[in-house]
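Notes follow the structure.
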Protein chains: 2
Amino acid sequence: MKISGRPTTEGSRGIKQKKEKLKNFLKEKGFKSTRQRDLIASEFLEMGEHVTAEELYREISKKYTDIGYTTVYRTLKLLNQSGLAAERVFADNLTRYEPLSAEDHHDHLICMKCGSITEFQDLRIERLQERVADEFGFVAVSHKMELYGYCRKCKDNA
Amino acid sequence: MKISGRPTTEGSRGIKQKKEKLKNFLKEKGFKSTRQRDLIASEFLEMGEHVTAEELYREISKKYTDIGYTTVYRTLKLLNQSGLAAERVFADNLTRYEPLSAEDHHDHLICMKCGSITEFQDLRIERLQERVADEFGFVAVSHKMELYGYCRKCKDNA
DNA sequence: AAGGAAATTGAAATTCATTTTCAATTAGAC
DNA sequence: GTCTAATTGAAAATGAATTTCAATTTCCTT
Ligand SMILES: [Mn+2]
Ligand SMILES: [Mn+2]
Ligand SMILES: [Zn+2]
Ligand SMILES: [Zn+2]
């Protein structure tokens, strides 16, 4: 097991690379690069993890009053399609997005009191999952694994 | 790993026991036993696995035209509270219910083509999950693990 | 066996995130 | 610059989940 030591805000190097990747994706697909998409992608990549469209929209609205909710929503879908963002739905049934690099896969520990989200990666579990699938003749494409409970802070003063 | 060899329809013995348990639960909580709750519980326990409120309602409507959707919905919530049903939300974001015995825990393989759901139980994975939680000082209360992909039937003629 | 308080029911209305619609605007190829 | 197709943002639509409310039913008390 390994902590996904991801920095809360990515270095601006990583962001630039990713915005480049987005541009390529758009061009490939015959989509257009727009001021809105650029600003939304920047804000998203800077904000970091597990944000809802609504949260990202509110943040962006502070700086740019002319960007609509719908465009934020649609841009997150695009970021997801391009592989730059992962879509996650936890127990509260809200769709959240987080920046994602090509290789990086991880799962989540979710605190039922404070809502904090911790990421982890465990290769042994991943291997066992693959074996379970095999035994059923099942070809696994993706999985979802979330542990719900109380984080270090919350379990004490619960 | 072990297949959860659960029969599609429970023996009527198990159903009677469970309906007894529901009655006790209702009495404990100061709730009332009604014709509707009784019929909905029976139908649910007979139908078996992973049904939505809508599906269960449609089935019940065939026999009893006077039972409303709302009551089905509310009764499923009650069955969940009483521990007789588990609430599940898979990738399609619909809330499903399945009969559940106290001890029985399992996770799911979900076919992205035909929608079939296979149940499995893997103690090695469960133990590793507990270890992951421990390493983060996290107290795990429950978890969700779903493998998405293609079942034996679908992977071939995909 | 009534009586009556409290819970339940079912239809309809509401909520709320998400998704679609559409007329006006914009990007970018030529 | 011109033109076409894509994009935008406000508003409307969607759809499952939940709440409301008046009528009905349960079941505890007499
Ligand atoms: Mn994450
Ligand atoms: Mn199941
Ligand atoms: Zn916490
Ligand atoms: Zn299948």
Side-chain angles (χ1 to χ4, degrees), chain A residues 19 22-44 50-82 85 87-97 115, chain B residues 19 22-44 50-82 85-97:
Chain A
K19 290 181 64 172
L22 175 61
K23 239 179 187 164
N24 294 339
F25 169 81
L26 293 174
K27 186 162 285 180
E28 263 176 36
K29 295 280 185 179
F31 298 150
K32 291 173 177 171
S33 285
T34 65
R35 171 179 156 271
Q36 289 93 331
R37 285 176 177 168
D38 195 64
L39 292 172
I40 293 166
S42 292
E43 192 67 28
F44 170 68
H50 312 122
V51 293
T52 62
E54 167 67 23
E55 285 164 358
L56 181 55
Y57 169 67
R58 268 212 304 281
E59 206 54 33
I60 286 174
S61 293
K62 290 180 187 166
K63 302 186 191 169
Y64 314 100
T65 52
D66 62 330
I67 294 185
Y69 172 78
T70 313
T71 302
V72 172
Y73 160 80
R74 284 189 283 225
T75 301
L76 285 170
K77 289 268 162 200
L78 276 180
L79 287 165
N80 181 232
Q81 285 172 47
S82 71
E87 227 180 70
R88 310 276 190 187
V89 181
F90 300 130
D92 63 4
N93 254 62
L94 295 180
T95 303
R96 290 164 197 283
Y97 294 85
Chain B
K19 291 181 65 174
L22 174 61
K23 236 177 189 167
N24 293 338
F25 169 80
L26 292 174
K27 187 161 283 178
E28 263 176 36
K29 295 281 186 178
F31 298 150
K32 291 172 178 171
S33 284
T34 66
R35 171 179 156 270
Q36 288 93 331
R37 284 176 179 169
D38 196 63
L39 291 172
I40 293 166
S42 292
E43 192 66 28
F44 171 67
H50 313 122
V51 294
T52 62
E54 169 65 23
E55 285 163 356
L56 181 55
Y57 168 67
R58 268 211 304 281
E59 205 54 32
I60 285 174
S61 294
K62 291 179 188 168
K63 302 186 191 172
Y64 314 99
T65 52
D66 62 329
I67 294 185
Y69 172 79
T70 314
T71 304
V72 172
Y73 160 80
R74 283 188 284 223
T75 302
L76 285 170
K77 289 266 162 205
L78 276 180
L79 286 165
N80 181 232
Q81 285 172 46
S82 71
E87 226 179 70
R88 311 275 190 189
V89 182
F90 300 130
D92 63 5
N93 254 66
L94 294 181
T95 303
R96 291 164 197 282
Y97 294 86

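Everything quoted here is computed from the prediction, not taken from an experiment. A, B, ... follow the sequence lines: proteins, then strands. Residue 1 opens every chain.
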When the distance from [atom1] of [X] to [atom2] of [N] is rounded to whole Å, what number comes out?
| X | N | atom1 | atom2 | result |
| --- | --- | --- | --- | --- |
| Tyr73(B) | dT18(D) | OH | P | 3 Å |
| Leu39(A) | dG9(D) | CG | C1' | 15 Å |
| Lys32(A) | dA6(D) | NZ | P | 7 Å |
| Phe31(A) | dT4(D) | CZ | P | 21 Å |
| Tyr69(A) | dA17(C) | OH | P | 8 Å |
| Tyr64(B) | dT9(C) | OH | P | 15 Å |
| Glu87(B) | dA16(D) | CD | C1' | 13 Å |
| Leu26(A) | dA29(C) | CG | C1' | 16 Å |

(request) Classify the nucleic acid contact of Asp66(A) as base, sugar-phosphate or nothing, counting any heavy atom under 4.0 Å across all strands shown. (result) sugar-phosphate

(request) Could you tell me whether Gln36(A) contacts a base, only the sugar-phosphate backbone, or nothing, with contacts defined as non-hydrogen atoms closer than 4.0 Å? (result) sugar-phosphate

Can a side chain N or O of [X] be found less than 4.0 Å away from OP1 or OP2 on [N]?
| X | N | answer |
| --- | --- | --- |
| Thr52(B) | dA16(D) | no |
| Thr95(B) | dA16(D) | no |
| Lys77(B) | dT18(D) | yes |

(request) Give, for atom CG of Leu22(B) and atom CD of Gln81(B), the distance between the pair rounded to the nearest 0.5 Å. (result) 11.0 Å

(request) Indicate the atoms forming the closest heavy-atom contact of Leu76(A) with Ala53(A), along with that distance. (result) CD1-CA, 3.6 Å

(request) From the options Tyr69(A), Phe44(A), Tyr64(A), select the one residue that forms a ring pair (Phe, Tyr, Trp, His ring centres under 6.0 Å) with Tyr57(A). (result) Tyr69(A)

(request) Among the candidates dT7(D), dT26(D), dT18(D), find the nucleotide nearest to the side-chain atoms of Thr34(B). (result) dT26(D)

(request) Measure from the side chain of Arg37(A), starting at C-beta and using heavy atoms only, and say which of dT8(D), dT8(C), dA10(D) lies closest. (result) dT8(D)

(request) Hey, which sits more toward the 5' end of DNA chain C by its nearest nucleotide, Glu54(A) or Ile40(B)? (result) Ile40(B)

(request) Quickly, which of His50(B), Glu55(B), Glu87(B) forms a side chain to side chain donor-acceptor pair (under 3.5 Å) with Tyr97(B)? Name it, please. (result) Glu87(B)

(request) Check the surroundings of atom NZ in Lys19(A): do more than 12 heavy atoms from other residues, nucleotides or ligands lie under 6.0 Å from it? (result) yes

